Each structure stands twice: as structure tokens, then as C-alpha cells.
Protein chains: 2
Amino acid sequence: MASRTVEDYIKQIYQEQQPAPGQLVSLGRLATAMEVVPGTVTTMVKALAEAGLVSYEPRQGVRLTPAGEKLALHVLRRHRLIELFLVQVLKFDWSEVHAEAEELEHAVSDRLLERIDELLGRPGFDPHGDPIPSAAGEVAQPRLHPLNAARPADRGVIARIADQQAEFLRYATARGLVPGAEVVIQSVDVPGDSITLLVRGKSRTLGRAAAAGILVAWQPETAASEL
Amino acid sequence: MASRTVEDYIKQIYQEQQPAPGQLVSLGRLATAMEVVPGTVTTMVKALAEAGLVSYEPRQGVRLTPAGEKLALHVLRRHRLIELFLVQVLKFDWSEVHAEAEELEHAVSDRLLERIDELLGRPGFDPHGDPIPSAAGEVAQPRLHPLNAARPADRGVIARIADQQAEFLRYATARGLVPGAEVVIQSVDVPGDSITLLVRGKSRTLGRAAAAGILVAWQPETAASEL
DNA sequence: TATTTCCTTTTGAGTGTTCAAAGTGAAAGA
DNA sequence: TCTTTCACTTTGAACACTCAAAAGGAAATA
């Protein structure tokens, strides 16, 4: 049985690896993310490698093995189902549930999780728009793109808020920047480092850094701008 | 912040102390209940005393301090509200919820607990009939008595099942021995070590050990048999 | 009183997780 | 090429919790 700490490391590695699956994650990054000193990560990563959950290349970084990825998806499934449960059943605000789920994800049994999944109607996405892995470990992975990479006239639907700090979530909510909202890019001001878009009939301007925290599924006609 | 282990010890001491509050609990008892070796308890109890949660008299036993009792009631409040939540909202069977709550009681925040309490309508008792301490630490303590101390013709209502092992709970449920059920003692067979009673119109015989696991609130006319 | 028994405590050690601080390697700059 | 720098690793130690086994104390028995 993986300890709570092991689950947290594995989940974090998964998330650091997300932009480019299979990529090596540096131990320094991991130390920052886990809020521990670098030496602690070196020690821990060796133990994870010993347990077959990651492959570790000294001075290069870590990467999840298939077993590690399976565990990561299990933890994420628990985390995201709990978040959705808290929002839908207990009427929490979606900006508050992250920290709560962080604790509960290590305490719910498979049986309880199954009840929750059933009660919620086997949902595919959590309140932030993140996909909920299936019990078998499959994830729906829609092609999403950060808002800061948009071009004028692009049009799409907000799918996820990647930056899940409570303050940012409140900021986004207050402006209608929530999963499901339609957006149309009005202008991109490169020197001004900002982007202006239309949401719910209102024009909003936000900086590139903030825009990077919002992921959008563009409508087909703009899909060519990908690559 | 009390660790999970500390919370478990404190809760256990509270429960061992229950029959006679203020009483000393021997370390051996505690070791058995916590399923650890006696030496571990000695070490742990010293640390609890250091933290001001118990008073410890070497070779005599432990007793909760007011601070310890406050913590115990907090933990019990979490445990019992969670049990009721699992039964009422997630449709668990009451015989299944104990182990589940054992984990969750260490993971729910005060805010989440408050939501649950509100959603359930600020209940006073959990599915086993145990009183749920208030947030301020007050417990409704009805005068209850084990069924094995009953006399023929005693009549009352089952208030609690003290033995919460899943197997016993299923046994009790199957025979209608659930909180709220009216019982009338038909006979007490001392040499035969058994007791016969009427529940839901059916006559049932059970051994003294099993009867000790069922707590009853007797009707006034029999209250004199107390002391 | 002397002995036995039972419970409790002590001692030494191990596991998992963490830190501080010293040491090492590899890439970047001089 | 030599040096500096930065990231990473190692080492030694601590903390919380646990066990096994030896030692000690108090009460019951002889």
C-alpha cells in the first residue's frame, strides 16, 4: 500500500510531466512543488524507483513508469471525484474544494469512491474542467490550449482553469471565465502583454500570465493554428 | 495539531473510560484495544501526558485531562457525523460505515464538517444510536444500560449497539435489534447464560455476551432497578 | 516470608520522512 | 583551458511511531 507521501510525490510528478508526457522532471522542480529541500527529493525518488513507480536517471530527472502512472491516475480520480462531490452535493464553491480534496483523496476507500461516482452519474470532468480518469485508468484528453497562445478572432469554449490557486479562481469566476463559457478573442496586444476577449457579452482584458492559466478548446475552424 | 495517531489514542482512552468517566484506564487494556505491544503504549502515553492531554500514573493507568476530553469529543463528533452522512446521503448500510469513518474522521476539515452537520439537520445521534457531541463539546448522555443486566418484564427501547463489529451489527439487524426497537424481557436464564426477549412481536434468545453489546433505555417504571 | 505470576517499563533497534550542511559534477563563462 | 556557478547528491542527524526482548514492581499464592 502506497503511503500518503508516496501518493503525493507520484501525483506531483504526473502533473509536472503533463505538458509533455514521458518527459523527465528535474528533481529541483519537484522539490519546489513538494515544498521540501532538494536532498529530501533525491532520497524519496530513489525509494520510488526502488518500488518500481518511477525511473530515475541521476542528475537528469524522473519519469513515471507504467505502474507509477497507474497510481497517479488513481489518485487523480479520487481527487477530482471528491472535488465534484463537494461542489455538487455539499454546495462548496469550486474555488474552495482543492485543499479539502487534497486531504480526502488519501482517506476514501474504493467502495466509497464508487458510491460517489455512481451518485454523481459517472461524470467525465471535475469542476475545474479537468478530466476524471476512469476506474480503469483512462483519461479523456481533449486538445486544449492556453488562452495566451490565442489569435484575434479565435473562438472557443473554456475547458479548464489550470491555475487553481483560490485567489485566481475567484478572479476568474468574477469575470465569467469558467469552464463552459464561450469566448471570442478580440485583440492580442503583444507589446502591452495583454489579451482582450469577449465573454458573456462583456469585453475583458487580462495579462498573458493570467491568460496562460486558462485553457480553451477552440472551435474547429481555428484548430489549424495548433501544432 | 494532533497527529492521527494521537487522535486515535485519545479517542480510545475516552471510550475505555466511558463506563465510569474519570476512571483510570490500564495501559494493557489500551495496548489490546490499539493493537500494539504494551511498550508502545507506555511510550505513547508519556508523550500524551507531556502534551497535556492525559494524566498518567505509572503502573496505574491513564485518564483524560479536560484538554484530552475536548479533543476526544471533537474526534467523536467527526466520526459520528461522518457515519450518519454515509448512511443517509451515500446509502451505506450502518454495519459498513464504521471502518470508513475511522479513516475519514482524520481528513475532514471543520468547514466540511459544518456543511455535513447542516445538511443532516444538526442531528443528535448517529446510526448506532450514539450521541453526536456538539461543536462546543456537549454530549447528550441518556442513561443507558446493557441488556445483560435486565430483569424479566423490563420494557424499553434499544438506544445503542455498543459492539460495532460488522458481523455483530448484521446479526443484530437481522433480528430487529436496532436503535428505536421496543423490547420486553421475557426471561433471564442465569445458569443457561442467556436472556429471552420480545422484539417486533418475535421472541429472541441471546447469550449474555451478545446482550452486553446492546444498550437499552428502560421505561420509567423500571428505572429504579438502576443505581 | 519466599516465590510465582502478571502487568508495566526500559532498552535497543528499525522504518519512513524530513532537514542542514558539506561534497560533487557538468555546463557556462572567462 | 580554467574557473565559477548551479543543480544535484551524500552524510549525519532528528522526529514520530513501532517492535522484540530484557528487566522491574506489585499483588497473589504457597
Side-chain angles (χ1 to χ4, degrees), chain A residues 1-14 16-17 19-20 23-64 67-68 71-72 75 102-103 105-107, chain B residues 1-14 16-17 19-20 23-64 67-68 71-72 75 102-103 105-107:
Chain A
M1 197 74 328
S3 73
R4 194 207 145 114
T5 311
V6 166
E7 289 189 350
D8 282 338
Y9 273 89
I10 292 297
K11 188 179 64 168
Q12 196 64 52
I13 294 168
Y14 180 91
E16 298 290 328
Q17 235 182 245
Q23 191 195 23
L24 282 171
V25 176
S26 83
L27 299 215
R29 256 177 98 87
L30 204 45
T32 309
M34 297 296 295
E35 299 181 309
V36 294
V37 118
T40 303
V41 170
T42 303
T43 311
M44 197 65 208
V45 156
K46 281 185 187 171
L48 296 177
E50 193 66 29
L53 295 169
V54 303
S55 67
Y56 167 45
E57 324 218 336
R59 296 190 187 270
Q60 304 301 301
V62 254
R63 183 193 342 258
L64 294 179
L71 176 56
V75 178
E102 206 68 20
E103 282 302 312
E105 71 189 16
H106 304 291
Chain B
M1 197 73 329
S3 74
R4 196 208 142 112
T5 310
V6 167
E7 289 188 349
D8 282 339
Y9 273 89
I10 293 297
K11 187 179 64 169
Q12 197 64 52
I13 294 168
Y14 180 91
E16 297 291 329
Q17 234 182 247
Q23 193 194 23
L24 282 170
V25 176
S26 83
L27 299 215
R29 255 177 98 87
L30 205 45
T32 308
M34 298 296 296
E35 298 182 309
V36 295
V37 118
T40 303
V41 170
T42 304
T43 311
M44 196 64 209
V45 157
K46 282 184 188 170
L48 295 177
E50 193 67 28
L53 295 169
V54 302
S55 67
Y56 166 45
E57 324 218 336
R59 296 191 185 269
Q60 304 302 301
V62 254
R63 183 193 342 258
L64 293 180
L71 176 56
V75 178
E102 206 68 19
E103 283 300 313
E105 71 190 17
H106 304 291

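Not measured: the values here are computed from a predicted model. By convention in this document, chain letters (A, B, ...) are assigned in the order of the sequence lines, proteins followed by strands, and residues within each chain are numbered from 1.
- At whole-Å resolution of the value, CG in B:Leu27 and P in D:dC19 are 14 Å apart.
- Between A:Glu103 and A:Arg4, at least one side-chain nitrogen of the basic residue sits less than 4.0 Å from a carboxylate oxygen of the acidic one, meeting the salt-bridge criterion.
- Distance CD1/A:Ile13 to CG/A:Leu27: 8.5 Å, rounded to 0.5 Å.
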Legend entry - Under 4.0 Å protein heavy-atom contact, by nucleotide of nucleotides 11-24 of chain C - B base, S sugar-phosphate only: ------SBBS---B
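- In this structure, CD of B:Glu57 is placed 18 Å from P of D:dG25, rounded to the nearest angstrom.
- The phosphate of C:dT10 (OP1 or OP2) has a side-chain N or O of B:Lys46 nearer than 4.0 angstrom.
- In this structure the side chain of A:Lys11 reaches within 4.5 angstrom of the side chain of A:Glu102, judged on heavy atoms.
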Legend entry - Chi angles and distances behind the side-chain contact (heavy atoms from CB on, under 4.5 Å) call for B:Val54, B:Ile10: CA-CA 8 Å; B:Val54 302; B:Ile10 293 297; 3.9 Å; yes
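- Rounded to an integer number of Å, the gap from CD of A:Gln60 to P of D:dC8 is 10 Å.
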Inset, instruction - Please step through side-chain contact (heavy atoms from CB on, under 4.5 Å) for the pair B:Val75 and B:Asp8, ending with a clear verdict. - result: CA-CA 8 Å; B:Val75 178; B:Asp8 282 339; 5.7 Å; no
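- In this structure, CD of B:Glu50 is placed 13 Å from P of D:dC15, rounded to the nearest angstrom.
- OP1 or OP2 of C:dT9 lies within a sub-4.0 Å distance of a side-chain N or O belonging to B:Tyr56.
- Screening residues 29-42 of chain B for salt bridge (Lys or Arg N to Asp or Glu O under 4.0 Å), with sequence neighbours left out, gives B:Glu16-B:Arg29.
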